[in-house]
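Accompanying notes for the structure given below.
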Amino acid sequence: MVENFNYNLIKKNDSLLLAVSGGIDSMVLLDIVNGLKRKLNLQLYIAHVDHQMRDSSKDDREFVKEMGENYGVVVFVDYLEAESNDNFHDYAHYARYDFFWSIAKAKGIKKIVLAHNQDDLAETVLMRLVRGSSFEGYRGILSENHYKGIKIIRPMLNMSRADIEVYQQANLIPYRQDPTNLKDDYTRNRFRHHFIPFLKEENPKFLDKITQFSYYQSLAYELVEKEAKKFLNIDEFEDVFTLDIEKFSKLDKIIQIEVIKMII
């Protein structure tokens, strides 16, 4: 058993689509889940997205295909067009998820598995605190959510990057290094290289504290969301709403905000 890996997210007879970039996080994820394959009778598939933003991306693609063969797992590959959108990061995010979703629907896969870890969670929470977000957004990354009806799970969300590196070294897991991760060109990289190390020095348990913050935010948001839905009295969103202003004005301010957000 790997400490802090959330085994509860994976059930017997699950069919799982693993998003594998070839980096250390996703390769460790693949190795851990593959170790459960026989015991839990899992059906595994791999999805790899070639962003085509650098010449070495084709080497990552071939590496993942080779590793898929080694593990005996089918690999699906998609290609993104770098020139297709001014905001490439947003375009790539939704394109990846749509690709994962299309495979899951075609193959009857119930869960998409992503390799986000505890450091990713901390980076996301801090970036949203700095740039601003919603009460919902300050939760950061969730261990479970859905995309167009398909469940997304992140079983490594309580594993730190240091935990992942220890597992990789102990088990000699091959992986590819994305050179862009070493640069400060992107906001996340600047937080990763400068802010996170400083905060870890200030408090060695910083990652655990951010995880706790995210958990408390999630519990609070679930309550806010439930009360807002209760006020609107809806299960599915409608095209038109009528609002009782007198009753609305008596709601707690945070519930009012969520009601308006839901309507919009």
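Predicted model only: the values in this text are computed from it and were never measured.
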What residues form a side-chain hydrogen bond (donor to acceptor under 3.5 Å, both in side chains) with [X], not counting sequence neighbours?
X	value
Ser133	none
Asn6	none
Ser214	none
Tyr138	none

Indicate every side-chain donor-acceptor pair of residues 150-158 with a distance under 3.5 Å to a residue at least two apart or in another chain.
unit_1, atom_1, unit_2, atom_2, d
Lys151, NZ, Glu144, OE1, 3.2
Arg154, NE, His116, ND1, 3.0
Arg154, NH1, Leu142, O, 2.8
Arg154, NH1, Asn145, OD1, 3.1
Arg154, NH2, Tyr97, OH, 3.3

With sequence neighbours left out, write down each residue that passes ring-ring contact (aromatic ring centres under 6.0 Å, His included) with [X], or none if nothing qualifies.
X	answer
Tyr94	none
Tyr7	Phe5
Tyr186	His89
Phe213	none

| field | Salt-bridge criterion met for Arg190 and Asp185 (N-O under 4.0 Å) | value | no
| task | Could you tell me whether Arg96 and Asp78 make a salt bridge, using a distance below 4.0 angstrom between a side-chain N and a carboxylate O? | result | no
| field | Stepwise side-chain contact (heavy atoms from CB on, under 4.5 Å) check, Ile263 with Leu243 | value | CA-CA 10 Å; Ile263 291 174; Leu243 202 61; 4.2 Å; yes
Please tabulate, for the side chains in residues 35-49, all donor-acceptor contacts under 3.5 angstrom to protein atoms that are two or more places apart in sequence or on a different chain.
unit_1, atom_1, unit_2, atom_2, d
Asn41, ND2, Asn13, OD1, 2.8
His48, ND1, Val20, O, 2.9

| said: Please enumerate all residues that pass salt bridge (Lys or Arg N to Asp or Glu O under 4.0 Å) together with Arg188, with sequence neighbours excluded. | reply: Glu123
If you look only at distance, which donor and acceptor atoms sit under 3.5 Å apart when one is on a side chain in residues 197-210 and the other is two or more places apart or in another chain?
unit_1, atom_1, unit_2, atom_2, d
Lys200, NZ, Asp119, OD2, 2.8
Asn203, OD1, Lys205, N, 2.9
Asp208, OD1, Gln118, NE2, 3.2

| query | Going hydrophobic residue to hydrophobic residue with side-chain gaps under 4.5 angstrom, can you get from Met27 over to Leu29? | reply | yes
| field | Shortest non-hydrogen separation from Val125 to Gly140 and the atoms involved | value | CG2-CA, 3.9 Å
